[in-house]
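Report on the structure given below.
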2 protein chains.
Amino acid sequence: MADINFSVRSAAATKANPEISGARPAETRWDIIELLFFAYRDFVGDPDDVLAEFGFGRAHHRVMHFVHRYPGLKVADLLDVLRITKQSLGRVLKQLLDEGYIVQKAGDADRRQRLLFATPKGEALVAKLAGLQTDRILRALQGLDASGVEAVRKFLLGMIDHDDPDKVLEAILRAGGKTVKE
Amino acid sequence: MADINFSVRSAAATKANPEISGARPAETRWDIIELLFFAYRDFVGDPDDVLAEFGFGRAHHRVMHFVHRYPGLKVADLLDVLRITKQSLGRVLKQLLDEGYIVQKAGDADRRQRLLFATPKGEALVAKLAGLQTDRILRALQGLDASGVEAVRKFLLGMIDHDDPDKVLEAILRAGGKTVKE
DNA sequence: AATATACGTCAACATGGCTGACATAAATTT
DNA sequence: AAATTTATGTCAGCCATGTTGACGTATATT
């Protein structure tokens, strides 16, 4: 049995009073807001379990992901993408370096830079996590035709701030949100 | 100038070797994985700034949102939705109660229950935050036709685990991800 | 030679998760 | 009626991951 005790706000109840001018204020998209919440909760939920087995958390996942995807990423670039301080990054990065998931290499042109690369061990972890997330994504894309998938991509792209993009985001935006092919 | 130092992994480079059987393993959806990361980052980024002015964090936002949307929600239901412990919830809920954003009311049938309701002050905060998020959502939905919007909804719905839903999620799933109307 | 940059690190602190233990009131079962 | 279970609150402490501020070292730039 359902046993629902709470009520649900109706769209009508939260519709703002239209001004006499006739300008209808935009209606709050509770539906998308909540779908995004639950979708993202479950999307990051799968990796969490695997990460826990490695003694890692979401912070490690984010670092591993971007280092894998953009080999040779500088520490400074990583800080921009993750929007965290170097002290925060330092903690998780140090663990990933110590445990052999990532290696550093001094920059060619500028030897102060530490370019980051995933090791085979690191690649394996990323692949495992990305596999779980891809399974979920493919399931969610099932039943959508090509134009539907394109709509999803456009939507997600539109949700992203395009002003002042970091270099990684810039690369993604240039590709139109599509995976870059060679 | 772009000044990109890192490279980008190509889809071809990460394509797994097809087995001799001919079964092609599904390709990792790096594109959607990253779009989701950036989209969600910016989606929750707007409210963060406002919340900081109130001395609140994301945890407070989540609580306020669900209490507003499902008036009379029990504490136990809230714990299920947020997937946190009562101790964690207790901390933020106590602040929201003390500062007059939420009120409690003993359950009619079961007087042990504390049913939660947003006060006008609480409603105002939720409306402000939801407004910011709606602006972003509407911008992202612009340019999509009705079938495109439907595709987005289907996608987000498909990303959510449907087994063992909490009561709030159950209500959403019953409505097919659409905002419930009366 | 002086200054600026890229990075690392130490110390301290805040938020928001967690576990375990225990208390109270009200409902349910025996 | 008594025992037990349930819904909630709370104390104490731990952990992960975010923050600020200060400072050091190597290298690049001026």
Side-chain angles (χ1 to χ4, degrees), chain A residues 3 5-6 41 44-45 47-49 51-64 67 72-99 102-117 166-167, chain B residues 3 5-6 41 44-45 47-49 51-65 67 72-98 102-117 166-167:
Chain A
D3 183 28
N5 54 298
F6 54 81
R41 182 187 72 172
V44 297
D48 281 353
D49 303 330
L51 288 159
E53 295 168 19
F54 287 75
F56 291 150
R58 280 181 205 178
H60 302 85
H61 185 189
R62 290 193 285 264
V63 171
M64 281 310 309
V67 169
L73 202 62
K74 286 189 303 179
V75 168
D77 291 335
L78 197 44
L79 290 175
D80 282 347
V81 182
L82 301 179
R83 293 198 184 159
I84 58 176
T85 57
K86 65 177 170 180
Q87 293 87 336
S88 287
L89 174 59
R91 262 192 307 235
V92 299
L93 185 54
K94 194 170 189 311
Q95 295 177 58
L96 292 169
L97 288 165
D98 289 349
E99 300 183 32
I102 289 179
V103 286
Q104 287 181 324
K105 185 174 159 295
D108 260 352
D110 187 336
R111 292 184 37 230
R112 292 171 304 179
Q113 298 175 347
R114 300 302 149 90
L115 310 188
L116 304 171
F117 299 88
D166 49 74
K167 285 175 187 169
Chain B
D3 183 30
N5 55 298
F6 54 82
R41 181 187 74 171
V44 298
D48 281 352
D49 303 330
L51 287 160
E53 295 169 18
F54 287 76
F56 292 149
R58 280 183 205 177
H60 302 84
H61 185 189
R62 290 192 286 264
V63 170
M64 280 311 307
H65 170 90
V67 169
L73 202 62
K74 286 189 303 179
V75 168
D77 292 334
L78 198 44
L79 291 175
D80 282 347
V81 182
L82 302 179
R83 291 197 186 160
I84 58 175
T85 58
K86 64 178 173 180
Q87 294 89 335
S88 289
L89 174 59
R91 264 191 306 235
V92 299
L93 185 53
K94 194 171 189 312
Q95 295 176 60
L96 292 169
L97 287 165
D98 289 350
I102 288 179
V103 286
Q104 288 180 324
K105 186 175 158 293
D108 260 351
D110 186 335
R111 292 182 39 227
R112 289 171 305 180
Q113 297 175 348
R114 301 301 150 90
L115 309 186
L116 304 171
F117 299 88
D166 50 75
K167 286 176 187 169

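Worth knowing before you read on, the calculation uses all heavy atoms, side chains too, and leaves out hydrogens, waters and symmetry mates. Residue numbers begin at 1 in each chain, while the letters A, B, ... track the order of the sequences.
At the heavy-atom level, A:Gln95 lies nowhere under 4.0 Å from the strands shown. As judged by a 4.0 angstrom heavy-atom cut-off over every strand, B:Gly90 is placed among residues making no nucleic acid contact. In this structure, B:Ala109 reaches the sugar-phosphate backbone alone: every heavy-atom distance under 4.0 Å involves primed, P, OP1 or OP2 atoms, never a base.
The side chain of A:Arg111 contributes an N or O atom lying less than 4.0 Å from OP1 or OP2 of D:dT27. Residue A:Arg62 has a polar side-chain atom (N or O) positioned under 4.0 Å from OP1 or OP2 of D:dG18. Contact annotation: A:Ser88 side-chain N/O to D:dT17 OP1/OP2 distance is not under 4.0 Å. Within the 4.0 Å cut-off from OP1 or OP2 of C:dG8, at least one side-chain nitrogen or oxygen of A:Gln104 is found. Here A:Arg114 does not reach the OP1 or OP2 of C:dT5: none of its side-chain N or O atoms lies under 4.0 Å away. Regarding contacts with the backbone of D:dT19, a side-chain N or O of A:Thr85 is found under 4.0 angstrom from either OP1 or OP2.
We find that NZ of B:Lys74 is positioned 6 Å from P of D:dT8, with the value rounded to whole Å. In this structure, B:Leu78 atom CG and C:dG16 atom P are separated by 15 Å, rounded to whole Å. Rounded to an integer number of Å, the gap from CZ of B:Arg91 to P of C:dG17 is 8 Å. Per the geometry, CZ belonging to A:Arg112 stands 5 Å off C1' belonging to D:dT27, to the nearest Å. D:dG9 atom C1' lies 15 Å from atom CD of B:Gln113, rounded to whole Å. Atom NZ in B:Lys94 sits roughly 17 Å away from atom P in D:dT8 (whole-Å rounding). Atom-to-atom, CG of B:Leu96 to P of D:dG9 comes out at 13 Å; the value is rounded to the nearest Å. Following rounding to the nearest Å, B:Asp108 (CG) and D:dA7 (C1') show an atom-to-atom distance of 16 Å.
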- Message: Quick one, A:Asp166 with B:Arg41, criterion salt bridge (Lys or Arg N to Asp or Glu O under 4.0 Å). Give me CA distance, side-chain angles, the key distance, then yes/no.
- Response: CA-CA 13 Å; A:Asp166 49 74; B:Arg41 181 187 74 171; 3.7 Å; yes
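The environment of CG in A:Asp108 is sparse: at most 12 heavy-atom neighbours from other residues, nucleotides or ligands sit within 6.0 Å. The environment of NZ in A:Lys94 is sparse: at most 12 heavy-atom neighbours from other residues, nucleotides or ligands sit within 6.0 Å.
Toward the 5' end of DNA chain D, the nearer of the two residues A:Lys86 and A:His60, judged by each one's closest nucleotide, is A:His60. Where B:Leu115 and A:Arg58 meet DNA chain D, the nucleotide closest to each residue was compared, and B:Leu115 sits on the side nearer the 5' end.
Of the candidates D:dG9, C:dC10, C:dT19, C:dC10 carries the atom nearest the A:Gln87 side chain, counting heavy atoms from C-beta on. Candidate nucleotides D:dT17, C:dA26, D:dT27 were compared by shortest atom distance to the side chain of B:Asp110, and C:dA26 ranks first.
Contact detail for B:Val67 and B:Leu78: the closest heavy-atom pair is CG2-CD2, 4.0 Å. In this structure, B:Ala106 and B:Arg111 approach most closely via the heavy-atom pair CB-O, 3.9 Å.
Under the 30°/60° scheme for interplanar angles, the aromatic rings of B:Phe54 and B:Phe56 are found to lie parallel.
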